[in-house]
Amino acid sequence: MLGTLLAFLGACTLVAASPGPSTMLIVQQSLRSRRAGFLTVLGNETGVFLWGVTASLGLTALLAASQLAYDVMRIVGAAVLIVFGVRALVNARRVRDGATMHGPAAVRSGWSAYRSGLLLNLANPKAAVFAMSFLPQFVPAGAPHLATMIGLSTVWAVFEIGYFGLYVWFVGRLRAIISRAEVRRRLEQVSGGVLLVLGIRMAVES
C-alpha cells in the first residue's frame, strides 16, 4: 500500500504540474491577494474531491457515455472560462484606473474566489472523465473499491492544496514587484487572455 501511495503522489505531482485553466485562475486570483488565491485553491480542490467521489460511485461513467451531457458541460465550462477571462481584462483596466478594494468588498471578493475555483473545476467535463480514468489505476488488488477511491480522492485534494499553495505563496513573495500598477495590469491582461483562449478552445473542440 505504501508503494501504491508513493506512486499515486508522484502521479498527482505530474497532474498538478500540467498547466491548465485551474492553474491560471489560481495565479490570477493570487495577484489580488494571498487570501483570494488560497480560497481559489480550496474551491478547486473541493471540486477535485467531489469529482473523485462521483467517480468512486461510478457516476462519471454516465457523463463519459453520453455525448449530449458531455457537450453541455463542455459549453458551460467554456462559458465559465470566457467570463473569467473577461473579468481579468476588466480588472486590468481597473488597475490602470487606480481602482482598489477595501473592507467588505475585499471579503466578498475572497469568497467569490472560492466559488470561482469550485465552479471552474465542476464545469470542466475533462476533470470528471480524468478522475474516472485516473483513480482506479491506484486501487490495490483486493482493496475495497469505494473506500479506497474516496481515500485517494482525499489524498489528491489535500496534496494539491499544498502544491498550489506554493503558487499562492510565490506570488505573494513577489508582491513588491507585482504591486506596481503597470506590472499588475500586464499580468491581469495575460491571465485574462489565456483564460479566453482556453474557453474558446474548449467551446470549439469536439
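Start at 1 with the first residue, then count along the sequence.
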- Query: After noting the C-alpha distance and the side-chain angles of L5 and F138, does the key distance pass the side-chain contact (heavy atoms from CB on, under 4.5 Å) rule?
  - Reply: CA-CA 8 Å; L5 182 59; F138 298 93; over 6 Å; no
Quick one: [atom1] on [X] to [atom2] on [Y], what's the gap to the nearest 0.5 Å?
{"X": "F164", "Y": "T40", "atom1": "CZ", "atom2": "OG1", "result": "11.5 Å"}
{"X": "L195", "Y": "L89", "atom1": "CG", "atom2": "CG", "result": "9.0 Å"}
{"X": "L14", "Y": "L9", "atom1": "CG", "atom2": "CG", "result": "11.0 Å"}
{"X": "L118", "Y": "S22", "atom1": "CG", "atom2": "OG", "result": "10.5 Å"}
{"X": "I26", "Y": "L42", "atom1": "CD1", "atom2": "CG", "result": "9.5 Å"}
{"X": "L174", "Y": "S30", "atom1": "CG", "atom2": "OG", "result": "11.0 Å"}

Following the transitive rule for hydrophobic clusters with a side-chain heavy-atom cut-off under 4.5 Å over Ile, Leu, Val, Met, Phe, Trp and Tyr, establish whether [X] and [Y] coincide in one cluster.
{"X": "I200", "Y": "V90", "value": "yes"}
{"X": "L57", "Y": "I150", "value": "yes"}
{"X": "I161", "Y": "W111", "value": "yes"}

- Query: Hey, are the side chains of S153 and L135 touching, using non-hydrogen atoms and a 4.5 Å cut-off?
  - Reply: yes
- Message: When you compare the side chain of L120 with that of N124, does any pair of heavy atoms fall below 4.5 Å?
- Response: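 Counting from C-beta outward, N124 and L120 never come under 4.5 Å.
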Might you point out which heavy atoms bring [X] and [Y] nearest each other, and give the distance in Å?
{"X": "I75", "Y": "A203", "result": "CD1-O, 4.0 Å"}
{"X": "W51", "Y": "L122", "result": "CZ2-O, 3.2 Å"}
{"X": "L25", "Y": "S116", "result": "CD2-O, 3.7 Å"}
{"X": "V168", "Y": "R34", "result": "CG1-O, 3.5 Å"}
{"X": "Q137", "Y": "S133", "result": "NE2-O, 2.9 Å"}
{"X": "Y167", "Y": "A16", "result": "OH-O, 4.4 Å"}

- Item | Residue that, paired with E160, satisfies side-chain contact (heavy atoms from CB on, under 4.5 Å) out of N44, T13, V41 |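 Option passing the side-chain contact (heavy atoms from CB on, under 4.5 Å) with E160: N44.
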Distance-only donor-acceptor pairs under 3.5 Å for side chains of residues 77-85, two or more places apart:
none

- Partners of F49 by ring pair (Phe, Tyr, Trp, His ring centres under 6.0 Å), sequence neighbours excluded?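 Partners of F49 by the ring pair (Phe, Tyr, Trp, His ring centres under 6.0 Å) criterion come out as none, since no residue qualifies.
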- For F38, all residues meeting ring pair (Phe, Tyr, Trp, His ring centres under 6.0 Å), sequence neighbours excluded: none
- Q29 and R35: side-chain contact (heavy atoms from CB on, under 4.5 Å), yes or no, with the steps? CA-CA 9 Å; Q29 292 285 358; R35 182 174 184 272; over 6 Å; no
- Task: On the 0 to 90° scale, with breaks at 30° and 60°, tag the F134-F130 ring pair as parallel, tilted or perpendicular.
- Result: parallel
